[in-house]
Structure formats: C-alpha cells, structure tokens
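Only one structure is covered here, and it is reproduced in the block below.
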Amino acid sequence: MPFGPVSRRNFVKITTAGAAAALAPYAASQEAGANPVSTQHGKLKYQEETRASRLAWWTEARFGMFIHWGLYSIVGQQEWVLESEGIPLPQYEELARHFHPKPGFAREWARLAKRAGQKYMVLTTKHHEGFCLWDTRLTNYSAKQQGPGRDLVHEFVEAARAEGLRVGFYYSLMDWHHPDGIRCATDEAARKRFVDYTHGLIRELLTNYGKIDILWYDVDKPLTPAQWEADKMNRMVFELQPDIIVNNRNGLDGDFSTPEHKIQADNRAWETCDTLNLGWGYQRNDTEWKSPKRIVNDLTTCAQQGGNYLLNIGPEPDGTVPVETVRILDTVGIWLASNGDAIYATQGGASVSFGNYTNFTRKGNTLYIHVYFWPSGTPATQWLPFFQPPTVVAVGGVRCKVLSARLLKNGKPLKFQQDAISLRITGLPEQAPDSPTTVIACECDQPPVVDHHLIRPEWPRYKVGIS
C-alpha cells in the first residue's frame, strides 16, 4: 500500500538501502521520548471560541517551510549533536563566537519558499541547545550578543513578510544549556526560575516582531503542564497575539496536532512535519534526499486526509540552502504553479482507499486524480478491452457521477466512461503530460469520494472457474 502512516523507518525502507537503512534506528531513537506522547486538555475560553477563524488561513495553506538552523549547523552533524555526542558545554559555547550568517540569508529562504508554493515559514528561534536567535535581554547566549551581532529572527520575519508569507516561531521548552533546564524537575526554586525565564523569552518573541501567525512549541520535558504553568503560558500568548495559532507540544491540546515523520490524520486540525533527507539540522554528509515525486505525493496525501505538510530545510552555517534542497523545492514549486488548485483549500475525505498509481484530493464537487505512475504500456492492452485505447486511467469505486474531465495543467478536455464499478479516462498520451505527477480534474454531481472497497458486493461475479 503506497500511502498511509509513513514512519521514518518505513521511509528509509522505501527510499534507501544498505547503509542508509542502518541509520534509521539511530535517527528514530534520537528523537524517541522527546516528543509528547499525549497532551492534556487546556480549554481557554477565547481559544475555543476563536479557533475556527484563527485556523482559516492555515487550513487553506496546506504547505509550509520548517527551518532548523542554529549553532549545531556549524558542526554539520544534525541538531542533536550537543546531546547525542556529549559535547562539553564550555566547548559547545565556542560555536556562538564563530556563527556568522551571511547578509540576506533570510531573503533567500523566503524567496525559495515562495517559489516552492509554500504559504508559511516556521523558524527554530531556540532549539534544544538553548541558543537564542534574537536580541533577548534575558541571556547573552544569543545572536545579538555573540558572533552574528544582530537579530536573526528580525531578519527572518522581515524576509517572510516581504514575500507575503505567514510567520511562525518554533520554540523548544527543553533546554540543554540553561543550568535550571534539568534540575527544575526536582528543585522548586529552579523550576520557578526556569519557568519565568521560559515565559519571558516567549513574551519577547511575541512582543517585538509585530503580528506572528504560529507558535510551534517543542519538547515539554522535564516538566508537566502544571509545572510549566502552561495554561498561564497560553493565556499570555493569546493576550499578546490574539490571532495566533499554537500547537500541542507544551503539554496542552493546542489548536492543531503535530505527527512527526508520518502522515497520520487526526479528528481535528493537524500538520505532518517531515524532513527532506534523514535529519532536521544541517548534515553535511547526508545525501538521502527525497525525490520531488515523493514530496508531491506526501503533500497530496496530507491534503487528501485534511492536513498540512510542514517540510523542513536545514541550511548551512552561513544560511545557504543546500543545492539539492533548492532543486527539489523548485521542482515542487513548478508543479504547484499549475496544479495548486488540487492542493490549496482542498477538503479532506476524497478517498478512503488507495490506488495502484493514483492519489486523490477534492474541493467542493471537483475530484482531483493525482497520477504519479503513468499507466501506459501494459501488455494486457492486447487482450483486455478495459485497457484500450492503450493509455487508460481507471479508478474503481468513484461514489458520484462524473460530469466532465480535464487535465488540470492545461485544461484539455478528456474522454471518460463510467459505470457503477469503474471510471475510465481515455484520450490520454502515451507519455505523462506533467511531472512529477499528472492531475486530472473531474467535475462531479456531488462532493466525490473514492472507495474501491465498496465495489466488492456490486462487482458481477460469474463462475468458480473461468467464465
């Protein structure tokens, strides 16, 4: 089955082999236990009453850029390098003096996101390493007071806005650097200091940069939501930014859930976050890139199931985006430029079953059939009229009447036949007319659903042997 929950382990099995497969357990275990297993209800009246309106733009956007970038980028061995390799903190701090982003780095990111068809950007303002990318008054372990000598968050915000993109801040609650970051779990005075510090940093982020659209918490260890004073935290957030949306990683339910390295629909707003290769932060020797086809199909699957796709980039230390990242995202952006109607503002529920070479999204009464393996050249054509003329896109179990069909890229009308069992679209070229995926738009008499399982009792059956 080509789609469904996609774990990091399954991704490695599907797309790599040999040595790359051996990396999967390391990558998975590195993040195991870091993400919240469950969240606790935090029912703020304002948040509940305004959620639908605050989420409206986000549910239409479908596609965003995640950016993992910090001191760890200098090492070039992913974002967990401080803990995973046990680097002494005084040595790691030396990296702050040697962190020198180039001018205009953020504008390059934002222009790439715009070309890629992404509608929002989320930056790691502070990752687990504890280094702050903004001009904070609460610590000198910050971009303004160390190597960069400037406020990198400000540059990010201005660049995103210049391209018309929504702005999101990632913030790690867990902190490997702060002296109270671990003893807060057993020392009440330390807990109070660390929680005040944390709330203070969040207050700065949501006060100093104008309107912020997303607050993306991460890793609420080692405290409980009550110890984090998470209700108070979120009340502050909404007082400062009434239109913001928050995720579920400070121990409370938040506005949306965040499956990681897997596409897993929730019964509320949700967003899959995933990587272009095997890690989040820059890994100079990681060449296990996902193909543009894989990215398009994962984005389509998120949209099919009613969710968003937050796709990560890991810039180099100076902010340069790796060449392969640029190539992949530019390819995806070219596809979205002519096929975006099949992704943006789509509603979930287009399909409850999978196709052999197809995926599905819908908007109103329009069914979008995403053909990712072009079905021409089967030798069965010479024997089975079903596959004639030679190129046929067939979908079993379309639960609506199709009124018309066209190629989404250029609007070319297509011939089709439909009965209770199958929709057959013909008049197609031998070679796929689009890349990496061809989309066929079908106008229907009602909101469409594809479920080929439902044809089992309707499918005529004849004899025990050959009919």
Side-chain angles (χ1 to χ4, degrees), residues 64-76 78-82 89 92-110 112-113 120-162 165-178 181 197-219 237 240-241 244 249 280-282 310 312-321:
M65 174 183 281
F66 213 177
I67 304 152
H68 276 66
W69 187 60
L71 301 185
Y72 46 83
S73 305
I74 301 173
V75 181
Q78 296 188 12
E79 73 290 346
W80 278 65
V81 63
L82 173 57
L89 275 172
Y92 193 84
E93 289 175 350
E94 281 291 307
L95 297 175
R97 298 194 300 113
H98 300 281
F99 189 34
H100 299 295
K102 66 183 181 182
F105 72 89
R107 185 57 62 88
E108 290 184 11
W109 299 351
L112 175 60
Y120 57 101
M121 303 173 72
V122 179
L123 171 67
T124 51
T125 62
K126 180 179 81 71
H127 203 260
H128 315 328
E129 66 178 8
F131 186 75
C132 299
L133 296 185
W134 70 98
D135 182 12
T136 174
R137 296 182 178 182
L138 301 179
T139 176
N140 65 358
Y141 199 48
S142 69
K144 177 67 174 178
Q145 299 188 56
Q146 299 299 324
R150 61 193 208 264
D151 188 328
L152 305 178
V153 169
H154 173 77
E155 295 179 31
F156 165 75
V157 171
E158 291 302 303
R161 288 180 180 148
L165 303 172
R166 298 277 187 156
V167 176
F169 289 163
Y170 165 109
Y171 181 90
S172 172
L173 296 166
M174 181 170 69
D175 192 317
W176 296 327
H177 180 267
H178 194 285
Y197 174 74
T198 299
H199 286 221
L201 291 178
I202 294 171
R203 177 177 291 278
E204 286 181 341
L205 285 170
L206 300 185
T207 301
N208 297 340
Y209 303 99
K211 187 176 185 294
I212 304 303
D213 300 291
I214 304 168
L215 178 58
W216 215 99
Y217 296 116
D218 199 16
V219 188
V237 167
L240 296 171
Q241 298 282 345
I244 203 168
R249 295 196 181 192
W280 299 96
Y282 177 58
L310 185 63
N312 182 73
I313 67 171
E316 298 173 19
D318 70 349
T320 298
V321 180

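Nothing here was measured: the structure is a model prediction, and the numbers come from that model.
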Pair [X], [Y]: side-chain N/O donor-acceptor within cut-off below 3.5 Å:
X      : Y      : result
Gln78  : Tyr72  : no
Tyr171 : Asp218 : no
Ser172 : His127 : no

Worked check of side chain to side chain contact (heavy atoms under 4.5 Å, CB included) between Val122 and Ile67 | CA-CA 6 Å; Val122 179; Ile67 304 152; over 6 Å; no

Plane angle bin for His128 and Tyr170 - parallel if under 30°, tilted between 30 and 60°, otherwise perpendicular | tilted

When the ring planes of Phe156 and Phe169 are compared, do they come out parallel, tilted or perpendicular, using 30° and 60° as the limits?
-> tilted

Of all the heavy-atom pairs spanning [X] and [Y], show the shortest one and how long it is.
X      : Y      : answer
Trp176 : Leu89  : O-CD1, 3.7 Å
Ala160 : Met121 : CB-SD, 4.0 Å
Ile74  : Leu95  : CD1-O, 3.4 Å
Val153 : Asp151 : N-OD1, 3.1 Å
Arg161 : Lys211 : NH2-O, 3.0 Å
Ala113 : Leu165 : CB-CD1, 3.8 Å

So Leu206 and Ile244, side chain to side chain contact (heavy atoms under 4.5 Å, CB included) or not? Walk me through it.
-> CA-CA 10 Å; Leu206 300 185; Ile244 203 168; 4.0 Å; yes

How far apart are the C-alpha atoms of Cys132 and Thr139, what are their side-chain angles, what is the distance that settles it, and do they pass the side chain to side chain contact (heavy atoms under 4.5 Å, CB included) test?
-> CA-CA 8 Å; Cys132 299; Thr139 176; 4.0 Å; yes

Strictly distance-based, threshold 3.5 Å: is any side-chain N or O of [X] a donor or acceptor partner for the main-chain N or O of [Y]?
X      : Y      : value
Trp109 : Ala159 : no
Glu129 : Glu79  : no
Gln146 : Asn140 : yes

The side-chain contact (heavy atoms from CB on, under 4.5 Å) partner of Ile212 among Thr207, Val167, Leu240 is Val167

So that I know where these two stand, are [X] and [Y] an aromatic pair - ring centroids less than 6.0 Å apart?
X      : Y      : value
Phe99  : Trp69  : yes
Phe131 : Tyr141 : yes
Phe66  : Trp280 : yes

Side chains of Val75 and Tyr282: closer than 4.5 Å at any heavy-atom pair?
-> no

Close side-chain approach of Phe105 and Thr320, heavy atoms under 4.5 Å | no

Between [X] and [Y], does any side-chain N to carboxylate O distance fall below 4.0 Å?
X      : Y      : answer
Arg107 : Glu158 : no
Arg150 : Glu155 : yes
Asp135 : Lys144 : no

Hey, what do you get for [atom1] ([X]) to [atom2] ([Y]), rounding to the nearest 0.5 Å?
X      : Y      : atom1 : atom2 : value
Leu173 : His199 : CG    : NE2   : 8.5 Å
Arg249 : Leu215 : CZ    : CG    : 12.5 Å
Asp318 : Lys102 : CG    : NZ    : 5.0 Å
Thr125 : Trp216 : OG1   : CH2   : 12.0 Å
Lys126 : Leu201 : NZ    : CG    : 7.0 Å
Thr198 : Met174 : OG1   : CE    : 12.5 Å

Pair Met65-Ile313, side chain to side chain contact (heavy atoms under 4.5 Å, CB included): steps then yes or no | CA-CA 7 Å; Met65 174 183 281; Ile313 67 171; 3.7 Å; yes

Does atom NE2 of His154 have more than 12 heavy-atom neighbours from other groups under 6.0 Å away?
-> no

Using the test ring-ring contact (aromatic ring centres under 6.0 Å, His included), find all partners of Trp134 that sit at least two apart in sequence or belong to another chain.
-> none

